[in-house]
Amino acid sequence: KQEVTQIPAALSVPEGENLVLNCSFTDSAIYNLQWFRQDPGKGLTSLLLIQSSQREQTSGRLNASLDKSSGRSTLYIAASQPGDSATYLCAARMIKAAGNKLTFGGGTRVLVKP
Amino acid sequence: NAGVMQNPRHLVRRRGQEARLRCSPMKGHSHVYWYRQLPEEGLKFMVYLQKENIIDESGMPKERFSAEFPKEGPSILRIQQVVRGDSAAYFCASSAMTGGENEQFFGPGTRLTVL
């Protein structure tokens, strides 16, 4: 059974500092891994999708890496801003699972202090 | 191209009532997924449907919960005789194809409160 873990559960940094968010998964047989942002009381915004054949994806200040062999993905957010404060979720889509379902981590709650 | 639509956005029910949550997938998408987010918890898969078929309902509670995706109209998640523990955010996602590489796009969610 796939388990996805995000540590730490919460993170507080001063504005301008780089953010490093970790995601680990127990089963490396994945199609892809996706990072989302969720603001309080809101839905999910997809940030980056990394296919299993890729090592990283970049979008603006965001960079996500994937190391299937070690079961890890890392989301980097450069030069953090107060507007980056949110909960960040990672989710893995397993090859073996019927139904293409996503398995989510518990999220990392980020606070960027001005 | 409108995104995934869910309604209502907020739903309040008293214990014992029925809750119906609707999801309209993105245009051209025929695969729908429902996830539940309990307070202070991550999202958990509930059910995966294609038009007129339930493909995977391994995450659905065995009683009181049902889902459908008819040939015409939105997907419906139905909760009968709601209890306080059903209070959660329910998210719907859709994808265009069945391959695992395909991205799921999420709706804004329905927040169910059971009094």
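The sequence lines fix the lettering, A, B, ..., with proteins before strands; numbering per chain opens at 1. Note that the structure is a prediction, hence the values are computed from the model and not measured.
- The contact between Tyr35(B) and chain A is made entirely by side chain atoms (from C-beta outward), counting heavy-atom distances below 4.5 Å.
- Aromatic ring orientation, Phe105(B) versus His29(B): tilted (interplanar angle from 30° to 60°).
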TODO: Run the numbers on Ser95(B) and Tyr33(B) for side-chain hydrogen bond (donor to acceptor under 3.5 Å, both in side chains), then give the verdict.
DONE: CA-CA 9 Å; Ser95(B) 68; Tyr33(B) 314 79; 2.9 Å; yes

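- Heavy-atom distances place no part of Gln6(A) under 4.5 Å from chain B, backbone and side chain included.
- Counting non-hydrogen atoms of neighbouring residues, nucleotides and ligands closer than 6.0 angstrom, the CZ atom of Arg61(A) exceeds 12 such neighbours.
- The part of Leu89(A) that comes within reach of chain B is its side chain, from C-beta onward, which places non-hydrogen atoms under 4.5 angstrom from that chain.
- Residue Glu57(B): no heavy atom, backbone or side chain, is found under 4.5 Å from chain A.
- Inter-residue side-chain proximity for Arg15(B) and Val114(B) is flagged as met; some heavy-atom pair is nearer than 4.5 Å.
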